[in-house]
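Throughout, a chain's letter reflects where its sequence line sits, starting with A, and its residues are numbered from 1. What you see is a predicted model, and the numbers here were worked out from it, not measured in a lab.
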Amino acid sequence: MLDIKLVRENPDKIKSALLARQLPNELSKIDELLALDQRRRALVSQSDSLKAKRNKVSDDIARLKRNKENADALIAEMKIVSDDIAALDAELRDLEAKQEELLLHLPNLLHESVPLGKDASENVVCKEVLRHQRDFDFKPKNHLELGKALDILDFERGAKITGAGFPVYKGKGATLERALINFMLDTHLAKGYEEIFPPFFVNRESLRGTGQFPKFIGQVYRASYEGQETYEADTVGRLFAIPTAEVPVTNLHRDEILKGSQLPIKYVAYSACFRSEAGSYGKDVRGFLRVHQFNKVELVKFATPETSYDELESLVADAESILVALGLPYRVVLLCSGDIGANAAKCYDLEVWSPAEQRFLEVSSCSNFEDFQARRANIRFKRDEKSKPEFVHTLNGSGLATSRLMVALLENYQTKDGKIIVPEVLRPYARFDAIG
RNA sequence: GGAGAGGUGGCCGAGUGGCUUAAGGCGUCGGUUUGCUAAACCGAUGUAGUGUCGAAAGGCGCUACCGGGGGUUCGAAUCCCCCCUUCUCCGCCA
């Protein structure tokens, strides 16, 4: 969420960000917001001065009553004042709700280093690490064929017991998945991240805090719990399956004031991730490319404003180190203004090479949100005891998501006779060195 | 699921409708005293919104905030309703 003060004082800055993000239809929202804000501020000032009067006269009434004098005239007068206040406050609540709604839907500003571009085709490839790219002397199988032949992935039974997009890992496939997760966690722990094992369900405040709500409410699975039917609206008593560990982990410090000396805070968290992927039918539907449940190891940082871009670079490097250790071909892409997510000020994607698909697959998004999430979630810090609280900068990135990583792993490490060689670094975790 | 007790500032804790500007204490910061330290004493010590003065740091004023939301009242930390949450006991359960 952006600061309403920023909107008020610098509307052009926000408008140019909207244009860069290819959102020209949103421009009118800024003017709407400015008009609302002006009206709201006028009402606040009216209401406040009436309240000041009420407080003062209430003291007078108290004094009269103590002296056993008559206060009926003042009470009658204040009755009217109170009614006026109630009317103003009702209108104010309405305006505030509308303003909040508009503000929550506005995307973040962009960092100056973000390239301008209309869509994904104009993203900038910063780095390609292709030394592990293989020349196959046979036609590489895709992960579906490999998974089926080796009996380690079962999409059909997943669809039977739950639904399409809920894969089952079996035998050495299940073990390899677990090995990957543990390898990634241990690697990040060694780099000074603290491990969190978060709840997989959160409340709506948490989703609002990290910016998934209200915009992406359709992408999130909901769970009701007993007694929920009796609540007046479906806004109460619902929990939501997390789309990423970013949500619970960033919200750990919601409504808190951190000490400057604690920063940067670096967390690593494994979680299952749940995404309904509504409206995305037709693209990347095969196998692991798009699923409703997957596993991810997430990196989350809380940093001071002046260090957050250095922290972003090291976050990307930490995520990259997994791909390097696994010996997979990959590239780093800087997202352009037309492709970057609404909450991020700057974002790098890590993409791993799929020999069967003959293209790169996204396995990580590393973003600096600056104070966008911190303002929503009210996460602040004090430089020292005496200084005023400031919003922290929040960052996160996958390190990494396993589903597409598994695709790349199986495909890149397959042999001509249909086996999978387990990468060296995973062997201590898997306790076998090949599948098949 | 049932019964009971709680949630007040950075922390502890008083406060049953107006002499509360949230008592008192602890902590922290500044000062006085002082070979040094400690103690004692004095003072300060929240967040947000808004107005005003200022080049700025900040000052002064007003408003809101006692778990969250609604209500009663001229006036609510205090009374009423709903919700969240913590603890204790009972029941059930992997």
For [X] and [Y], I'd like to know if the aromatic rings sit close, meaning centre-to-centre distance below 6.0 Å.
X: A:Y267; Y: A:H253; answer: yes
X: A:F288; Y: A:F155; answer: yes
X: A:H292; Y: A:F274; answer: no

In whole angstroms, how far is the [atom2] atom of [N] from the [atom1] atom of [X]?
X: A:M78; N: B:C74; atom1: CE; atom2: P; value: 12 Å
X: A:K382; N: B:G10; atom1: NZ; atom2: P; value: 8 Å
X: A:L43; N: B:G49; atom1: CG; atom2: C1'; value: 14 Å
X: A:D89; N: B:G71; atom1: CG; atom2: P; value: 10 Å
X: A:D83; N: B:U73; atom1: CG; atom2: C1'; value: 11 Å
X: A:L50; N: B:U50; atom1: CG; atom2: C1'; value: 15 Å
X: A:D255; N: B:C84; atom1: CG; atom2: C1'; value: 14 Å
X: A:I61; N: B:U73; atom1: CD1; atom2: P; value: 14 Å

Nearest-Å distance once atom [atom1] is located in both [N] and [M]:
N: B:U20; M: B:G75; atom1: C1'; result: 14 Å
N: B:G15; M: B:U78; atom1: P; result: 15 Å
N: B:U52; M: B:G69; atom1: P; result: 29 Å
N: B:A55; M: B:G17; atom1: C1'; result: 49 Å
N: B:U72; M: B:G13; atom1: C1'; result: 30 Å
N: B:U73; M: B:G18; atom1: C1'; result: 12 Å
N: B:G43; M: B:U47; atom1: C1'; result: 23 Å
N: B:C83; M: B:G7; atom1: C1'; result: 14 Å

### A:K296 versus A:T244, side-chain donor and acceptor atoms under 3.5 Å
yes

### Query
Will you find, in the side chains of A:S113 and A:K346, an N or O donor that is under 3.5 Å from an N or O acceptor?
yes

#### Entry: Note, A:H393 side chain near A:F369 side chain (heavy atom, < 4.5 Å)
no

### Query
Any side-chain heavy-atom pair from A:L95 and A:D37 closer than 4.5 angstrom?
no

### Query
Between A:K98 and A:E101, is the closest basic N to carboxylate O distance under 4.0 Å?
no

### Message
Under 4.0 Å between a side-chain nitrogen and a carboxylate oxygen: does that hold for A:K148 and A:E145?
### Response
no

Is the shortest side-chain N/O distance from [X] to OP1 or OP2 of [N] below 4.0 Å?
X: A:S82; N: B:U73; answer: no
X: A:R380; N: B:A48; answer: yes
X: A:R375; N: B:A48; answer: no
X: A:K79; N: B:C74; answer: yes

### Among B:G75, B:G49, B:U47, the one nearest A:V44 by side-chain distance
B:G49

#### Entry: Contact state string [nucleotides 51-70 of chain B, B base, S sugar-phosphate only, - no protein heavy atom under 4.0 Å]
S----------SSS-----S

#### Entry: Whichever of A:I75 and A:S45 has its nearest RNA chain B nucleotide further upstream toward 5'
A:S45

### Task
Return the 5'-most residue of the pair A:D3, A:A62 with respect to RNA chain B, ranking by each residue's nearest nucleotide.
A:A62

### Summary
For RNA chain B, the expected dot-bracket line (Watson-Crick or G-U under 3.5 Å, [ ] crossing, | inter-strand) is ((((((((.[[[..)..(.....]]]((((((.......))))))((((((((....)))))))).[[[[[..)....]]]]])))))))....

### Task
Mark yes or no for whether A:S58, through its side chain, and A:R54, through its backbone, hold a donor-acceptor pair below 3.5 Å.
yes

### Query
Per the side-chain hydrogen bond (donor to acceptor under 3.5 Å, both in side chains) rule, which among A:Q46, A:R39, A:R40 passes with A:E91?
A:R39

